[in-house]
Enquirer: 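Dropping a structure here in C-alpha cells format, bear with me for questions.
All chains are named by letter (A, B, ...) in the order of the sequence lines, taking the proteins before the strands, and each is independently numbered beginning at 1. What you are looking at is a predicted structure, and each value in this text was computed from that prediction instead of being measured.
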There are 2 protein chains.
Amino acid sequence: MKHAPLIAQDHLRCADCAIRHKAVCAYCEPPELAKLDAMKSYRTFQAGETIVWAGEEVEVLGSVVSGVATLSRTLPDGRRQMVGLLLPSDFVGRPGRRTAPYDVVAANEVMICQFIKPKFERLVSATPALERRLLDMTLDELDAAREWMLLLGRKTAREKIASLLVIIARRDAALNNTPIGDGLRFTLPLTREAMSDYLGLTIETVSRQISALKKAGIIILEDSRHVHVPDFVALLDEAGDDSDGGFIS
Amino acid sequence: MKHAPLIAQDHLRCADCAIRHKAVCAYCEPPELAKLDAMKSYRTFQAGETIVWAGEEVEVLGSVVSGVATLSRTLPDGRRQMVGLLLPSDFVGRPGRRTAPYDVVAANEVMICQFIKPKFERLVSATPALERRLLDMTLDELDAAREWMLLLGRKTAREKIASLLVIIARRDAALNNTPIGDGLRFTLPLTREAMSDYLGLTIETVSRQISALKKAGIIILEDSRHVHVPDFVALLDEAGDDSDGGFIS
DNA sequence: CCAATAGTTTGATCTCGATCAAGGTAAGAA
DNA sequence: TTCTTACCTTGATCGAGATCAAACTATTGG
C-alpha cells in the first residue's frame with residue numbers, strides 16, 4: 001500500500017496534527033482519528049502563568065501550538081530543577097495518569113491545543129494507532145530526559161550553555177523550516193533564571209558563561225535575548241558532543 | 001466485570017509476567033497474551049559484560065529477572081553518566097526503535113527474559129492491552145529520569161548518596177516482599193565507580209560521603225557492600241525530599 | 001606462600017561554580 | 001519625566017567537590 005503524508009508543513013501547528021503525524025497516513029487513517037478535529041479547543045496562557053500545578057488533578061491534555069512552557073520540580077527548601085522544555089509541537093499531559101509530579105509553567109505567552117482528558121482517553125483506547133503514537137512520543141521524551149541527565153551530571157557550565165543554545169537553535173530552525181547552518185539568528189525564549197533552572201546552575205553563572213561565549217566570538221548578542229551564531233560548528237564544538245540532544249526524532 | 005490479578009507474588013520473576021502484570025487480569029486476558037509464554041527465552045550475562053552497545057542494532061528485548069544492569073552514555077572524552085538503573089522486573093529495550101542511544105551493561109550477573117524483537121512487536125501490534133502496558137512502563141521510566149534530573153542538577157553529594165540508598169533499599173524491600181522500616185539491611189549491587197557514574201560524582205566523593213553517613217550513624221556498614229539502616233526516616237531525611245523517587249508506580 | 005589485580009578509603013590541594021554584593025538596563029506606571 | 005520593578009551583568013570571595021597521590025583490603029592465581 002502506498003503511504004502519503006497526512007499533514008505537510010504545518011503539522012506542528014496544533015495538537016491533533018502533532019499526534020496524527022507519523023501515526024497514520026492519508027490512505028490508512030482510521031476513521032476514529034477524524035474525531036480529534038471535533039474535540040479540540042484552544043487556550044492561551046500568559047507568561048509566568050502556571051498551566052498545571054504539581055500533584056494537582058489534570059483534566060486536560062494537548063500540545064503546545066506556540067510559545068514555550070517548562071516542566072519543573074522543586075525541593076522542599078526551594079531549590080528548583082527544570083525537567084523538561086515544551087516547545088511548539090510538544091505534547092502536554094500524561095495519558096492514563098491522574099496527576100503530574102511537576103509544575104507546568106508558561107515561559108512566555110503559550111497557546112495550547114487541548115482535549116478533554118476522558119474523551120481523549122476513550123478515543124485512544126479505541127484507536128491502536130494513537131496509542132502507538134503516544135508511546136513513540138513518550139520514548140522521544142525519555143531520550144531527551146536521558147540526554148539531559150548526561151548534561152546535568154557531566155558537562156561544564158560552558159558546555160551546558162552551548163548545549164542549550166544548540167537545542168534552541170535547532171528547534172527554532174525546524175519550526176521556521178530553515179536549514180541549520182552558519183549565520184543563524186534566533187530568540188531566547190527563556191529568562192536567565194529559567195536557563196539556570198534548566199541547566200542546574202545559578203543565574204550569575206549563566207550570565208557569565210554567555211558573556212564568555214560572546215567574548216570568544218562563538219555567539220554575538222544583539223541584546224540579551226537575541227543571539228546570532230556566525231559559525232554553528234564552533235558552537236556545536238563548545239557543547240561537548242555532537243549528538244542531536246534527543247530532541248529530533 | 002470482576003477483575004482478578006493475573007499474577008501474584010512472583011510477577012517480578014520474568015518479562016512476560018512483568019509486562020502482563022496490570023495490563024490484564026485473569027478474567028479478561030486477550031488470548032494473544034498467552035503467546036508470550038511460548039516466545040520467551042532466558043539468557044545470562046556476566047558482571048561487566050555489555051548487553052547492548054550504544055548505536056548498535058538491537059535484535060532482542062525483554063526484562064531483567066535477576067541481577068542489575070545499567071544504562072549509560074559517554075562523552076567523546078570519556079566522561080560517563082549513567083542514565084538508568086535496571087533492577088529485577090525492569091524492561092530492557094525500546095519497542096519500535098532500531099538502536100539504543102546508550103550502553104546497557106551488566107553490573108553483576110544478570111538474567112534476562114527475552115523475546116525476539118520482530119516477533120514481540122508483531123504481538124504488540126495485535127494486542128492493544130500490551131501497547132498500553134508498554135506506554136505505562138515508559139511513563140514510569142520517564143518519571144524516574146526526571147526525578148533523577150532533580151537529583152543531578154540540585155542535590156548535594158550527601159543527598160545524592162542518601163537518595164540512591166533509599167532507592168536501592170525500596171527496590172530491595174519490594175523484591176523480597178518485606179516492609180520498609182527500621183533495621184533494614186541490604187546489599188549494594190553497584191561498585192563505587194558505578195555509583196559515581198549514576199550520581200554525577202567521582203569515586204572519591206562517593207566513598208567520602210558514605211563514610212560521612214556512617215560516621216553520622218545514619219548507616220552501618222558491615223563491609224563495603226552490605227548496608228544496615230537503623231533508622232529509615234533518618235536516611236530519608238538525608239535524601240532531601242520525601243518523594244518515592246519515581247520508581248514506585 | 002607471595003604476587004597481581006580490582007576495588008575502596010583517606011589525605012592534601014586546587015578549581016569551578018556558588019554566594020554575596022553592587023551596578024546597569026529596559027519597560028511600564030504615576 | 002521620574003519612580004518602580006524585573007531582569008541582566010560584573011566583581012570579590014568562598015567552599016563543595018574534583019584532582020592528585022598514597023595506602024589499605026580482598027580476591028584470585030601461580
Enquirer: Round to a whole Å and report the spacing from CD of B:Q209 to P of C:dT8.
Expert: 16 Å
Enquirer: At less than 3.5 Å, do the side-chain atoms of A:R192 and the base atoms of C:dT25 form a donor-acceptor pair?
Expert: no
Enquirer: To the nearest Å, give me how far apart CD1 (B:I203) and C1' (D:dC20) are.
Expert: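 Atom CD1 in B:I203 sits about 13 Å away from atom C1' in D:dC20.
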Enquirer: When the distance from CG of A:N108 to C1' of D:dA6 is rounded to whole Å, what number comes out?
Expert: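 In whole Å, D:dA6 C1' lies 16 Å from A:N108 CG.
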Enquirer: Under 4.0 Å between any heavy atoms, over every strand shown, what does A:R158 touch: base, sugar-phosphate, or nothing? Just pick one.
Expert: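 Since no nucleic acid heavy atom lies under 4.0 Å of A:R158, the category is nothing.
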Enquirer: Applying a 4.0 Å non-hydrogen cut-off, can you work out what A:G200 is touching in the nucleic acid: base, sugar-phosphate, or nothing?
Expert: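 Here A:G200 touches the backbone only, sparing every base.
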Enquirer: Measure the distance from CE on A:M195 to P on D:dC8 and round it to the nearest whole Å.
Expert: 7 Å
Enquirer: Does a distance-only test, which skips hydrogens and angles, find a donor-acceptor pair under 3.5 Å between the side chain of B:R208 and the base of D:dT19?
Expert: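 It does, because a donor-acceptor pair links the side chain of B:R208 to the base of D:dT19 below 3.5 Å.
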Enquirer: Can a donor-acceptor pair be found, under 3.5 Å and without considering hydrogens, that links the side chain of B:D182 to the backbone of B:F232?
Expert: yes
Enquirer: For the pair B:D143 and A:R94, find out whether any cationic side-chain nitrogen is under 4.0 Å from an anionic carboxylate oxygen.
Expert: yes
Enquirer: Between B:D241 and B:R154, does any NZ, NE, NH1 or NH2 come within less than 4.0 Å of an OD or OE carboxylate oxygen?
Expert: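 So B:R154 does not pair with B:D241 through a salt bridge.
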Enquirer: Looking at A:Q81 and A:D197, would you say the former's side chain and the latter's main chain have a donor-acceptor pair under 3.5 Å?
Expert: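 Looks like yes, one N/O pair under 3.5 Å.
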Enquirer: Side chain of B:R185, backbone of B:H228: donor and acceptor closer than 3.5 Å?
Expert: no
Enquirer: Please check the phosphate of C:dG7 (OP1 and OP2 only) for any side-chain N or O of B:T191 closer than 4.0 Å.
Expert: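 No, no such contact exists.
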Enquirer: For a quick check of understanding: with a heavy-atom distance under 4.0 Å over all strands, which category does B:T202 fall into, base, sugar-phosphate or nothing?
Expert: base
Enquirer: Quick one: which of D:dG17, C:dT8, D:dT9 gets closest to the side chain of B:S224?
Expert: C:dT8
Enquirer: Check whether any side-chain N or O of A:S207 sits under 4.0 Å from OP1 or OP2 of D:dC8, and answer yes or no.
Expert: no
Enquirer: Is any side-chain N or O of A:E204 under 3.5 Å from a base N or O of D:dC8, one able to act as donor and the other as acceptor?
Expert: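 Answer is no: no donor-acceptor pair is held.
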Enquirer: How many whole angstroms separate atom CD of B:E222 from atom C1' of D:dT25?
Expert: 17 Å
Enquirer: Figure out the CG/C1' separation between A:L188 and D:dC7, and round it to whole Å.
Expert: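 That distance rounds to 13 Å.
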Enquirer: Return no unless some side-chain N or O of B:S211 is found under 4.0 Å from OP1 or OP2 of C:dT10.
Expert: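 B:S211 to C:dT10 OP1/OP2: side-chain N or O found under 4.0 Å.
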Enquirer: What's the CZ-C1' distance between A:R154 and D:dG17, to the nearest Å?
Expert: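 So the two atoms are 11 Å apart, to the nearest Å.
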Enquirer: Provide, to the nearest angstrom, the distance between the CG atom belonging to A:L201 and the P atom belonging to C:dA18.
Expert: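 Taking atom P of C:dA18 as the reference, CG of A:L201 is at 5 Å.
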